[in-house]
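Just follow the structure's listing: the first ligand is 1, and inside any ligand the first atom is 1.
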Amino acid sequence: MHPVSEPIRVAVLGAAGRMGATVVRAVEGAPDLELVAALDAGGDLTAVAAAGAQVAVDFTVPAVTEGNVHALVDAGVHVVVGTTGWDEAALDRVRDHLADRPGVGVLVAPNFALGAVLAMAFAARAARWFESAEVVELHHPDKVDAPSGTARHTAAAVAAARAAAGLGPMPDATTQSLDGARGADVDGVRVHAVRLRGLVAHEEILLGNPGEQLTIRHDSFDRVSFMPGVLLGVREVGRHPGLTVGLEHLLDL
Ligand SMILES: NC(=O)C1=CN([C@@H]2O[C@H](COP(=O)(O)OP(=O)(O)OC[C@H]3O[C@@H](n4cnc5c(N)ncnc54)[C@H](OP(=O)(O)O)[C@@H]3O)[C@@H](O)[C@H]2O)C=CC1
Ligand SMILES: O=C(O)C1=N[C@H](C(=O)O)C[C@H](O)C1
């Protein structure tokens with residue numbers, strides 16, 4: 001007979017938010033996980049370790065997520081982070097901190113939807129074959145950041161693939177007659193952000209060559225789309241000490 005393993009004890013930060021509330025329901029519905037703490041703004045972070053949480057899931061706001069991670073790492077709690085707004089400097093600070101905490105794992109993923117992770121991977125794979133590439137992200141109007149973390153991650157991956165293939169800048173003879181008309185520049189890749197009532201989370205990667213276009217599109221119509229990836233992260237983060245950036249590293253793509 002196999003021994004029955006104990007459930008993983010999980011805390012959710014940002015538990016009253018759109019994502020946090022969905023994560024709370026997903027954790028409660030998973031027989032191998034146990035929700036031991038659910039915190040929102042103004043909550044006491046020391047309650048996470050006090051409740052015996054082994055893994056904390058952070059879907060809060062860009063202004064607080066890095067501080068949460070450092071405090072949780074100090075407490076020896078693994079962290080799964082979905083909150084966006086991370087830059088390389090913030091990721092480096094977490095990496096440095098984790099060097100002093102060898103057993104602790106932190107997963108930061110801009111998108112936990114499996115289709116979105118695949119769309120990013122496909123875009124990076126296709127990028128070297130096209131003269132032009134641009135990213136369009138489309139979200140609900142209550143989203144606080146722009147462009148989306150996913151779009152930044154996608155554009156950076158496309159730019160890296162182009163650079164590795166020795167491609168130069170994209171063709172673009174535009175002089176902007178209105179600031180912002182050409183979107184944001186992420187490592188030389190243009191990123192455009194749409195905010196529209198009715199949308200949830202959507203992304204298109206447009207790749208162009210003379211006489212042809214490839215469009216890679218992903219749609220999250222419901223926040224349940226992120227839950228298999230979040231739960232995978234919760235189950236796996238303790239087996240991946242140090243910092244992991246992107247769910248793709250936990251998938252056999
Ligand atoms: N990686 C992924 O797959 C996904 C990532 N996201 C990202 O997740 C983040 C949250 O998105 P969403 O749920 O839509 O946003 P919401 O605004 O709905 O939720 C954020 C929640 O965090 C709470 N909060 C603020 N400060 C703290 C704090 N210090 N401690 C604990 N909770 C706090 C807020 O409370 P209050 O309102 O009272 O301030 C709010 O309830 C965003 O960065 C978004 O981009 C979203 C979807 C998928
Ligand atoms: O705020 C959102 O809603 C989302 N945020 C993430 C991002 O910024 O990439 C992931 C997804 O796009 C939904």
Side-chain angles (χ1 to χ4, degrees), residues 11-26 37-48 53 56-72 77 79-87 90 106-120 123 135-157 184 186 191-205 217-234 237 244-251:
V12 178
L13 311 183
R18 286 175 289 267
M19 281 300 291
T22 315
V23 174
V24 164
R25 284 194 293 278
L39 268 67
D40 219 58
D44 176 7
L45 212 51
T46 63
V48 171
V57 181
D58 184 306
F59 279 98
T60 58
V61 289
V64 305
T65 184
E66 187 192 346
N68 288 347
V69 170
H70 287 290
L72 292 162
V77 178
V79 198
V80 172
V81 183
T83 313
T84 46
W86 289 79
D87 59 20
V106 174
L107 167 65
V108 177
N111 203 309
F112 282 99
L114 300 179
V117 176
L118 287 169
M120 286 187 259
V135 178
V136 185
E137 56 95 331
L138 310 91
H139 281 83
H140 59 93
D142 303 312
K143 182 167 176 56
V144 292
D145 55 332
S148 71
T150 309
R152 292 180 82 135
H153 200 68
T154 307
V186 178
V191 177
H192 310 269
V194 176
R195 296 291 173 267
L196 205 69
R197 185 64 72 203
L199 297 180
V200 178
H202 316 260
E203 182 179 62
E204 282 189 0
I205 303 102
R217 178 170 175 122
H218 176 260
D219 298 277
S220 274
F221 300 115
D222 191 298
R223 291 181 178 82
V224 296
S225 61
F226 303 111
M227 294 305 112
V230 172
L231 297 191
L232 176 69
V234 168
V237 67
T244 304
V245 181
L247 187 68
E248 58 273 23
H249 300 292
L250 303 189
L251 300 169

Task: Ala16 near ligand 1 by a heavy-atom separation under 4.0 Å - done: yes
- [ ] Under 4.0 Å from a heavy atom of Lys143: give me the atoms of ligand 1 that qualify, with their elements.
- [x] 45 (O)
Open item on the list: When you measure from the side chain of Thr244 to the backbone of Leu107, do you find a donor-acceptor pair of N or O atoms at a distance under 3.5 Å?
Closed with: no
Task: Distance from atom 19 (O) of ligand 1 to nearest protein heavy atom, with residue and atom - done: Gly17 CA, 3.3 Å
Open item on the list: Below 4.0 angstrom, counting only protein heavy atoms, does anything approach atom 37 (O) of ligand 1?
Closed with: no
- [ ] State the atoms of ligand 1, each with its element, that fall below the 4.0 Å cut-off from a heavy-atom position in Gly82.
- [x] 1 (N), 2 (C), 4 (C), 5 (C), 6 (N), 7 (C), 8 (O)
TODO: Could you pull out, from Val61, Val64, Asp44, the option with a heavy atom nearest to atom 29 (N) of ligand 1?
DONE: Val64
Task: ligand 1 atoms in contact with Phe112 (distance to a heavy atom under 4.0 Å) - done: 1 (N), 2 (C), 3 (O)
Open item on the list: With heavy-atom distances below 4.0 Å as the criterion, list the atoms of ligand 1 near Met19.
Closed with: 13 (O), 46 (C), 47 (C), 48 (C)
Task: Donor-acceptor contact present, side-chain Asp40 to main-chain Ala16, <3.5 Å - done: yes
Open item on the list: Side chain, backbone, both or neither: which applies to Phe59 and ligand 1 if a contact is any heavy-atom pair less than 4.0 Å apart?
Closed with: both
Task: Qualifying residue for side chain to side chain contact (heavy atoms under 4.5 Å, CB included) with Phe112, from Leu231, Val117, Val80 - done: Val80
Task: Ala201: numbered ligand 2 atoms lying under 4.0 Å from its heavy atoms - done: 11 (C), 12 (O), 13 (C)
- [ ] Give the intermediate values and the outcome of side chain to side chain donor-acceptor pair (under 3.5 Å) for residues Thr154 and Glu203.
- [x] CA-CA 10 Å; Thr154 307; Glu203 182 179 62; 3.1 Å; yes
TODO: Considering only non-hydrogen protein atoms, determine which one is nearest to atom 17 (O) of ligand 1 and report residue, atom name and distance to 0.1 Å.
DONE: Arg18 NH2, 3.6 Å
Open item on the list: Please check this pair: side chain of Asp219 against backbone of Phe221, looking for a donor-acceptor N/O pair closer than 3.5 Å.
Closed with: no
Open item on the list: Can you confirm whether His139 sits close enough to Leu199 that some side-chain heavy atom of one is under 4.5 Å from a side-chain heavy atom of the other?
Closed with: no
TODO: Identify, by atom number and element, the atoms of ligand 2 in contact range of Ser148, meaning under 4.0 Å from any of its heavy atoms.
DONE: 7 (C), 8 (O), 9 (O)
Open item on the list: Contact between ligand 2 and Arg18 is defined here as a heavy atom of the residue under 4.0 Å from a ligand atom; is it met?
Closed with: no
Task: Under 3.5 Å: N/O of Thr84 near N/O of ligand 1 - done: yes
Task: Contact atoms of ligand 2, heavy-atom distance to Asn111 under 4.0 Å - done: 10 (C), 11 (C), 12 (O)
Open item on the list: On a heavy-atom basis, which atom in Ala155 and which in Val191 lie closest, and how many Å separate them?
Closed with: CB-CG2, 3.7 Å
Task: Under-4.0 Å heavy-atom contact with ligand 2, by part of His140 that carries it - done: side chain
Open item on the list: So for Gly149, does at least one of its heavy atoms come nearer than 4.0 angstrom to any atom of ligand 1?
Closed with: no
TODO: Could you list the atoms of ligand 2 found under 4.0 angstrom from a heavy atom of His139?
DONE: 2 (C), 3 (O), 4 (C), 11 (C), 12 (O), 13 (C)
Task: Nearest atoms (heavy-atom pairs only) where Val106 meets Val237 - done: N-CG2, 4.0 Å
Open item on the list: Checking contacts here: is it the side chain or the backbone of Thr84 that comes within 4.0 Å of ligand 2, counting heavy atoms only? Could be both or neither.
Closed with: side chain
Task: Per-atom contacts of ligand 2 with Pro110, taking only distances under 4.0 Å to non-hydrogen atoms - done: 6 (C), 7 (C), 9 (O), 10 (C)
Open item on the list: Need the ligand 2 atom indices (1-based, order shown) with element for anything under 4.0 Å from a heavy-atom of Lys143.
Closed with: 1 (O), 2 (C), 4 (C), 5 (N), 6 (C), 7 (C), 8 (O)
- [ ] Kindly give the heavy-atom pair with the smallest separation between Val135 and Ala151, and that separation in Å.
- [x] CG1-CB, 3.9 Å
Task: Heavy-atom proximity to atom 30 (N) of ligand 1, best of Asp40, Thr65, Leu39, Leu13 - done: Asp40
Open item on the list: Could you tell me, atom by atom, which parts of ligand 2 come under 4.0 Å of a heavy atom of Thr150?
Closed with: 7 (C), 9 (O), 10 (C), 12 (O)
- [ ] Kindly indicate whether the side chain of Trp86, heavy atoms from C-beta on, has any atom under 4.5 Å from the side chain of Val69.
- [x] yes
Open item on the list: Quick one: does any side-chain atom of His153 pair with a main-chain N or O of Ala156 as donor and acceptor, under 3.5 Å?
Closed with: no
Open item on the list: Between Thr65 and Pro62 (side chain of the first, backbone of the second, donor and acceptor by atom type, cut-off under 3.5 Å), is there such a pair?
Closed with: no
Open item on the list: Out of Ser220, Ala41, Pro110, Ala109, who is nearest to atom 32 (N) of ligand 1 when you count heavy atoms only?
Closed with: Ala41
TODO: Scan Arg195, His218, Arg152 and name whichever one has a side-chain hydrogen bond (donor to acceptor under 3.5 Å, both in side chains) with Glu137.
DONE: Arg195
- [ ] For atom 10 (C) of ligand 1, find the nearest protein heavy atom and state the residue, atom name and distance (0.1 Å precision).
- [x] Thr60 O, 3.2 Å
Task: Minimum-distance pair of heavy atoms, taken over all atoms of Ala47 and Leu39 - done: CB-CD1, 4.5 Å
TODO: Compare every heavy atom of Ala90 with every heavy atom of Asp87, then report the nearest pair and how far apart it is.
DONE: OD1-N, 2.9 Å
Task: Atoms in ligand 2 with a heavy atom of Gly149 nearer than 4.0 Å - done: 7 (C), 8 (O), 9 (O)
